[in-house]
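Each chain gets a letter, A, B and so on, in the order its sequence line appears, and its residues count up from 1.
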Amino acid sequence: EPEVTQTPSHQVTQMGQEVILRCVPISNHLYFYWYRQILGQKVEFLVSFYNNEISEKSEIFDDQFSVERPDGSNFTLKIRSTKLEDSAMYFCASSSWSGRPAGELFFGEGSRLTVL
Amino acid sequence: AQKVTQAQTEISVVEKEDVTLDCVYETRDTTYYLFWYKQPPSGELVFLIRRNSFDEQNEISGRYSWNFQKSTSSFNFTITASQVVDSAVYFCALGDTGGFKTIFGAGTRLFVKA
């Protein structure tokens with residue numbers, strides 16, 4: 001069964017360092033998303049991406065964050081200068097929508113980011 | 001503004017009990033979508049159900065059932081005859097029709113004891 005894959009599964013970084021989290025969405029999906037979950041807390045929307053551009057972003061997604069689809073398969077989230085409060089599990093998701101008005105989100109297993 | 005409220009932070013039941021997880025939402029959109037996701041202890045997020053705002057028919061899938069009431073902006077989830085494997089965090093979510101944003105409630109942690 002197709003799945004969303006994320007790398008790395010866990011990354012430890014020093015405050016102020018740049019981090020890139022990678023995702024390979026399901027191949028025929030057109031909508032891509034990043035969410036984050038601080039330990040034990042709610043799942044927070046960061047950004048959605050469609051047709052090679054950001055379609056929606058939350059107030060969390062400030063200038064320190066960026067997303068890119070550098071090729072036909074990868075979808076990346078970059079944090080330019082990490083802060084302690086960026087420590088969280090980051091989930092990538094994709095959706096097909098395929099003509100329907102709404103579709104379920106297929107989530108990856110997450111990338112745990114620890115900022116020291 | 002869109003908002004999803006899951007007032008129950010944690011629920012603990014004994015196996016075979018029925019349990020209902022509450023979800024109340026706010027949106028100005030006339031058309032929208034509601035979802036439930038499950039997050040077991042292993043951490044992944046698993047889709048359970050999607051409901052369109054214009055379809056208030058309740059749904060049953062095995063031991064799971066969902067009660068959507070537009071008049072009270074609620075989309076409650078009932079597990080009948082709970083099992084230990086149902087122990088997880090359950091998230092209610094609200095999505096726009098464009099497919100661009102789905103927001104999650106804070107989640108309800110369900111403990112099912114043997």
Side-chain angles (χ1 to χ4, degrees), chain A residues 1-6 9-10 23 25-26 29-51 53-61 67 88-113, chain B residues 1-10 21 23 25 27 29-55 59 61 66 68 75 88-111:
Chain A
E1 185 175 320
E3 59 181 18
V4 176
T5 58
Q6 290 186 241
S9 55
H10 188 193
C23 171
I26 294 173
H29 285 187
L30 300 177
Y31 294 75
F32 314 114
Y33 312 83
W34 283 101
Y35 286 80
R36 80 172 186 190
Q37 185 178 32
I38 295 171
L39 187 62
Q41 297 186 28
K42 67 188 298 183
V43 177
E44 299 176 294
F45 170 79
L46 293 179
V47 66
S48 59
F49 192 86
Y50 171 72
N51 199 24
E53 61 182 23
I54 290 173
S55 40
E56 282 269 359
K57 61 182 181 179
S58 71
E59 58 275 8
I60 301 169
F61 195 87
V67 289
M89 181 72 88
Y90 288 81
F91 289 101
C92 175
S94 68
S95 181
S96 66
W97 295 83
S98 51
R100 297 179 302 172
E104 67 186 86
L105 299 176
F106 290 80
F107 284 90
E109 294 190 343
S111 293
R112 180 167 297 285
L113 176 65
Chain B
Q2 295 188 313
K3 188 177 176 183
V4 178
T5 302
Q6 294 180 256
Q8 302 151 309
T9 307
E10 287 187 3
L21 310 181
C23 173
Y25 62 92
T27 180
D29 295 342
T30 53
T31 307
Y32 48 89
Y33 297 87
L34 296 163
F35 305 83
W36 277 93
Y37 286 84
K38 175 181 180 179
Q39 187 174 43
S42 49
E44 72 271 24
L45 287 158
V46 179
F47 167 82
L48 294 177
I49 189 172
R50 174 188 64 247
R51 174 60 76 216
N52 303 330
S53 57
F54 47 85
D55 179 6
E59 184 160 337
S61 176
W66 291 271
F68 174 32
F75 186 44
V89 180
Y90 291 87
F91 292 96
C92 180
L94 170 67
D96 63 6
T97 55
F100 299 136
K101 187 173 183 179
T102 299
I103 61 166
F104 286 68
T108 297
R109 185 176 298 275
L110 176 65
F111 294 99

Under 4.5 Å to a heavy atom of chain B? For A:F106 that would be neither

Inspect the surroundings of NZ in A:K57 and state if more than 12 heavy atoms from other residues, nucleotides or ligands are less than 6.0 Å away. no

Take B:E44 and A:F91, measure what side chain to side chain contact (heavy atoms under 4.5 Å, CB included) needs, and give me the verdict at the end. CA-CA 9 Å; B:E44 72 271 24; A:F91 289 101; 5.8 Å; no

Using non-hydrogen atoms and a 4.5 Å limit, figure out which bit of A:E44 sits close to chain B: side chain, backbone, both or neither. neither

Examine whether an atom of B:Q39 lies under 4.5 Å from a heavy atom of chain A, and if so say whether it belongs to the side chain, the backbone or both; otherwise answer neither. side chain

Quick one, B:Y37 and A:L105 - any side-chain contact, counting heavy atoms below 4.5 Å? yes

So OG of A:S48 and CG of B:D96: to nearest 0.5 Å the spacing works out to 7.5 Å

Counting only heavy atoms not in A:E56 (residues, nucleotides, ligands), do more than 12 fall under 6.0 Å from its CD? yes

Residue pair B:Q2, A:F45: steps toward the side chain to side chain contact (heavy atoms under 4.5 Å, CB included) verdict: CA-CA 12 Å; B:Q2 295 188 313; A:F45 170 79; over 6 Å; no

Parallel, tilted or perpendicular: rings of A:Y50 and B:F100 (30°, 60°): tilted

So, does A:Y35 use its side chain to make a donor-acceptor pair with the main chain of B:F104 at under 3.5 Å? no

